[in-house]
Enquirer: 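This structure is in structure tokens; I'll ask about it shortly.
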Amino acid sequence: MLDLKFIRENRKAIEEMLEKRGINLPLQKFYELDEKRRNLLKKIEELRAKRNKTSDLIGKLKREGKDTSALIEEMKEVSKTIKFMEEDLDKTEEKLSNFLLIIPNIPHSSVPIGEDAEDNCEIRRVGEKPEFSFEPKPHWEIGKKLGILDFERATKIAGARFPLYIGAGAKLERALINFMLDIHTKEKGYIEVLPPFIANKESLIGTGNLPKFEYDLFKLRGYDWYLIPTAEVPLTNIFRDEILKEDELPKRFVSYTPCFRKEAGSYGKDVKGLIRQHQFNKVELMTFSLPENSYEELERLTTDAEEILKRLGLHYRVVVLCTGDLGFASAKTYDLEVWMPHRKDYVEISSCSNFEDFQARRANIRFKRKNKSKPEFVHTLNGSGLAIGRTVSAILENFQQEDGSVVIPKALRPYMDGLEKIEPLKT
RNA sequence: GGAGGAGUGGCCGAGUGGCUUAAGGCGGCGGUCUCGAAAACCGCUAUCCCGAUUAUGUCGGGAUCGCGAGUUCGAAUCUCGCCUCCUCCGCCA
């Protein structure tokens, strides 16, 4: 959410931002609502001031035993008028805040202007593409041959787009979770959090998932509860409606959670394998930062996520999203894209974003500087560190051998009881 | 799921319709005193919105006593609904 005053006073900047993002909003309506609200508020507050004064007077006169019936009659009318106007104000404010909630964040000046993913800019490539003396297979075929992935039976249990890991596959998933959590907590100083996997409406409004993206969320029938689409939701809302102290910042958290997404509108896309699932595991990094340090923090968070790929020996590249591809709440986003040999392309495995004060304003997360009276909004950042299912796919495809086995990356072996290779099932 | 109790400022805690500008205390900040500190004393002490103001503040007004509605000229106080916490019973990993 942007600052109402900022929108009011910087109409041009808002129009330019929407243009860059390729979004059309009836802004004129917004400015009309804003003006209506202020006019109504002014009148109502004048009447309330009058009522407050007169009610005090009535109290005094009554104590003196004087007649107050004329004043009471007058105030009855005033109260009726106030109530009537308040109804109008409530409606206006609701419309205004609904509008405010669908205005996207302003991209940082360093974000390239572009229409879609085609215009994203590559920042760097790390590692080498693996070379194969044979045609590399897709990870779902490898997983099936190894007996560690069973999508058919997952369909029986739940439906399409659900994972079922068995044996070494389940262990690999768990090993990756522990491997990532250990690096981030022991080496990078993040505090581990295990949050609820269900969040309420307020929390999802705080991060920007609601009201605009409800279609991608699983809602619990009969409750105002949603399955979390990412740990970003519970983590960001830890400090909702709180005022932190300056010296508490930055606060860095890491969290393993499953993530639940409807993936509505992606029918026919990535239908096979682990890439796009209704349920997947993720280790998420999250930082609450001082505003002046948040871009430094974004670089840090991104390199902390990259560290995992480096240690696993996976080739990847870092891209900065252009204005047209940038998420609704984000001011700047780096995607980490891992090399997938079967697809012969890079696939997003992490998305690291600085939301500046956009989420903090929605979720009302502030901090107070020493010797300063006014609280300010914190900056929030998060990034996957990493998406586990996609990491499994990348490992299976990048480290597959001609005989159908898959070599476990060295760094991961301590988490796999020393296992060096997953061998295909004997048939 | 059933029965009862509670929710007031950073914290504790008083307040059962107007005399509350939310008492009092603790903590915190500033000051007096001191070589310095402690003690004592004095002052300050939240957040949001609207308006004014050559302005990171000040002034005026409005709102906020868990949240939301209602009664009333007037609500922290009365009524209803919801949320959270505590105690007990039942069920349960």
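Here the structure is a predicted model, which means the values were calculated and not measured.
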Enquirer: Within the structure shown, what part of the strands sits under 4.0 Å from A/Ile58 by heavy-atom distance: base, sugar-phosphate, or nothing?
Expert: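 Result for A/Ile58 = base.
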Enquirer: If B/rC92 has a Watson-Crick or G-U wobble mate with both distances under 3.5 Å, name it; if not, just say none.
Expert: none
Enquirer: For nucleotides B/rU84 and B/rG60, find the distance between their P atoms and express it as a whole number of Å.
Expert: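 To the nearest whole Å, 41 Å.
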Enquirer: With P as the reference atom in both, quote the distance from B/rA38 to B/rU32 in angstrom, rounded to an integer.
Expert: 13 Å
Enquirer: Rounding to a whole Å, what distance do you find between A/Lys83:NZ and B/rG62:C1'?
Expert: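 That distance rounds to 19 Å.
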Enquirer: With the threshold set at 4.0 Å, does a side-chain nitrogen-carboxylate oxygen contact exist between A/Arg8 and A/Asp34?
Expert: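 Yes, this pair counts.
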Enquirer: Describe the nucleic acid contact of A/Lys368 in one word from base, sugar-phosphate, nothing, applying a heavy-atom distance below 4.0 Å.
Expert: sugar-phosphate
Enquirer: Side chains of A/Thr380 and A/Gln359: any donor to acceptor distance under 3.5 Å?
Expert: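 There is such a pair between these side chains.
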Enquirer: Taking B/rU77 as the reference, what is the distance to B/rC59 when you measure between their C1' atoms (whole Å, please)?
Expert: 32 Å
Enquirer: Would you mind pulling out the nucleotide paired to B/rU87, Watson-Crick or G-U wobble, both distances under 3.5 Å?
Expert: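 B/rA3 - that is the nucleotide pairing with B/rU87, both distances being under 3.5 Å.
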Enquirer: Taking only the P atom of each, what is the distance from B/rG30 to B/rC48 in whole angstrom?
Expert: 23 Å
Enquirer: Using the C1' atom as the point on both nucleotides, what is the distance between B/rU20 and B/rG13, in whole Å?
Expert: 16 Å
Enquirer: For B/rG70 and B/rG28, measure between their P atoms and round to the nearest Å.
Expert: 44 Å
Enquirer: Under a plain distance cut-off of 3.5 Å, with no hydrogens placed, do A/Tyr256 and A/Glu192 share a side-chain donor-acceptor pair?
Expert: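 No.
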Enquirer: Taking pairing as Watson-Crick or G-U wobble with both contacts under 3.5 Å, can you name the mate of B/rG51, or confirm there isn't one?
Expert: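 B/rG51 is paired, partner B/rC59.
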Enquirer: Has A/Lys251 got its NZ or CZ under 6.0 Å from the middle of the six-membered ring of A/Phe288, at an angle within 45 degrees of the ring axis?
Expert: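 Relative to the ring axis of A/Phe288, which defines the angle, A/Lys251 lies outside at least one limit.
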